[in-house]
Each structure stands twice: as structure tokens, then as C-alpha cells.
Enquirer: 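Sharing a structure, written as C-alpha cells. Questions coming.
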Amino acid sequence: MAKTKQFTIAVDNQPGAVAAIARTLGDAKVNILSLLGTSQGAGGTVQLIVEDPRRAKKALDAARSSYQETPAEQHELPNKAGSLAQCLNQLAAKGVNLTSIHATAAKGGKKVVVVYTAEAAAKAATAIA
């Protein structure tokens, strides 16, 4: 399990909104590790995990992008049925209330990467240790 930062950015629900964020970070040589975007009506949010949070923050500030930075946990699981449920059950047993979660794996890959934020970050840190 690795501690990281999640950036949540409010965007307009229009073509190119996510591309502008990706371009801002790409131009600053910030590698995006994980991205989740959702929209509702005229707006939406993009949640990012990046390789270098300090550099991402600097790039977003320079672009005058409004964002929220939240402590997050990144955890690798075996890419097999039931491993996510086991992980989430451990967190629930410790009373950890998730505020966001996303996971991805390549088809045929051996590992799944799960990223989550929680109301009780200290509890989350000890739940899977």
C-alpha cells in the first residue's frame, strides 16, 4: 500500500475539458497514473493520481486550475475474483468510510491497482497493513 495524493478537478461538461487537463500535466512532464471522470448535467469532475504530485500541483497552479488535493491510498491486489471484496471487507471491518474509489487492471494482467480516499485516513492506513 502506498500513500499518494488525489487531485479532484471540477470541469465543464464539454468536448476538450479533460484533454485540457491532460495537456497541462503532459506539458509539465507529469505522468498520469489513474484518471476517473464523471459528469452530471453541465459539469463534472476528474479525479487524478499522478506520478509526481508536487509537480502536478505546480502545473495546475500555473494553469490557474481549481482543484482539491486529498490524501489517498494506492494498493495492488491480485487480479482474481474476490480480491477486491476481501480488501473492501477489511476496510469496512475497521470502520473506514470510503469517499471515492477506482480500480483498474489490464486484461490478462496479474495485478489490480485500487485507489481510494476515506473519511478516516488513519484507519484506512492500518486496515490493510
Enquirer: Are Val112 and Leu84 packed together at the side-chain level, in the sense that at least one heavy-atom pair is separated by less than 4.5 angstrom?
Expert: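 Of all side-chain heavy-atom pairs linking Leu84 with Val112, none is under 4.5 Å.
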
Enquirer: What's the shortest heavy-atom distance between Val115 and Ala72, and which atoms?
Expert: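 Closest pair (atom of Val115, atom of Ala72, distance): CG1-CB, 4.2 Å.
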
Enquirer: Could you measure the distance from the CG atom of Leu25 to the CZ atom of Phe7? Nearest 0.5 Å is fine.
Expert: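 Between atom CG of Leu25 and atom CZ of Phe7 there are 8.5 Å.
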
Enquirer: Which heavy atom of Val50 sits nearest a heavy atom of Ala56, and at what distance?
Expert: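 Residues Val50 and Ala56, closest heavy atoms: CG2-CB, 3.6 Å.
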
Enquirer: Please check: side-chain N/O of Ser34 versus main-chain N/O of Ile49, any donor-acceptor pairing under 3.5 Å?
Expert: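 Not at all, since once roles are kept as given, no pair shorter than 3.5 Å links the two residues.
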
Enquirer: Determine yes or no for a side-chain-to-main-chain donor-acceptor pair under 3.5 angstrom, with Asn79 supplying the side chain and Gly109 the backbone.
Expert: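 Yes, Asn79 side chain to Gly109 backbone: donor-acceptor pair under 3.5 Å.
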
Enquirer: Which value, rounded to the nearest 0.5 Å, describes the distance between Gln47 atom CD and Ile9 atom CD1?
Expert: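 That separation rounds to 10.0 Å.
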
Enquirer: Taking atom CD of Glu73 and atom CD of Gln6, what is their separation to the nearest 0.5 Å?
Expert: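 Glu73 CD to Gln6 CD: 11.5 Å, rounded to 0.5 Å.
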
Enquirer: Within the side chain of Thr24, is there an N or O that forms a donor-acceptor pair under 3.5 Å with the backbone of Leu60?
Expert: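 No; judged by distance alone, with no hydrogens or angles, the pair does not exist.
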
Enquirer: Measuring from atom CG of Leu33 to atom OG1 of Thr104, what distance do you get when rounded to the nearest 0.5 angstrom?
Expert: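 Interatomic distance, Leu33 CG to Thr104 OG1, rounded to 0.5 Å: 12.0 Å.
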
Enquirer: Any non-hydrogen side-chain atom of Leu48 less than 4.5 Å from a side-chain atom of Tyr67?
Expert: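 In short, these two side chains do not touch, never coming nearer than 4.5 Å.
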
Enquirer: Please report the shortest heavy-atom distance between Cys87 and His75, naming the atom on each side.
Expert: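 Residues Cys87 and His75, closest heavy atoms: SG-CD2, 4.4 Å.
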
Enquirer: What distance separates Tyr116 OH from His102 NE2, expressed to the nearest 0.5 Å?
Expert: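 Rounded to the nearest 0.5 Å, the OH-NE2 separation comes to 12.5 Å.
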
Enquirer: Working to the nearest 0.5 Å, report the span between CD of Glu51 and OG1 of Thr4.
Expert: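 Between Glu51 CD and Thr4 OG1, I get 10.0 Å after rounding to 0.5 Å.
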
Enquirer: Heavy atoms, side chains only, cut-off 4.5 Å: are Leu88 and Val114 in contact?
Expert: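 A side-chain contact is absent here, since even the closest heavy-atom pair is not under 4.5 Å.
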
Enquirer: Hey, does the side chain of Asn13 reach the backbone of Gly44 with a donor-acceptor pair shorter than 3.5 angstrom?
Expert: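 Checking the backbone N and O of Gly44 against the side chain of Asn13, no donor-acceptor pair under 3.5 Å is found.
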
Enquirer: Are Thr99 and Thr70 side-chain neighbours, meaning at least one heavy-atom pair lies under 4.5 Å?
Expert: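 Heavy-atom side-chain distance check fails, nothing below 4.5 Å.
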
Enquirer: Should we say atom NZ of Lys58 is surrounded by more than 12 heavy atoms from elsewhere, each under 6.0 Å from it?
Expert: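 Atom NZ in Lys58 is not packed in, count stays at 12 or less.
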
Enquirer: How close do Ala22 and Ile32 get, counting heavy atoms only, and between which atoms?
Expert: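 Closest approach of Ala22 to Ile32: CA-CD1, 4.2 Å.
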
Enquirer: Pick from Leu36, Val18, Thr38, Thr8: which one makes a side-chain contact (heavy atoms from CB on, under 4.5 Å) with Val46?
Expert: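 That would be Val18; it is the only one of Leu36, Val18, Thr38, Thr8 passing the side-chain contact (heavy atoms from CB on, under 4.5 Å) with Val46.
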
Enquirer: Where is the tightest heavy-atom contact between Ser83 and Pro78, given as atom of each residue plus distance?
Expert: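 Minimum heavy-atom contact is OG-O, 2.7 Å.
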
Enquirer: Is Leu77 reachable from Val113 through a run of hydrophobic residues whose side-chain heavy atoms are each under 4.5 Å from the next?
Expert: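 The answer is no; the residues belong to distinct hydrophobic clusters.
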
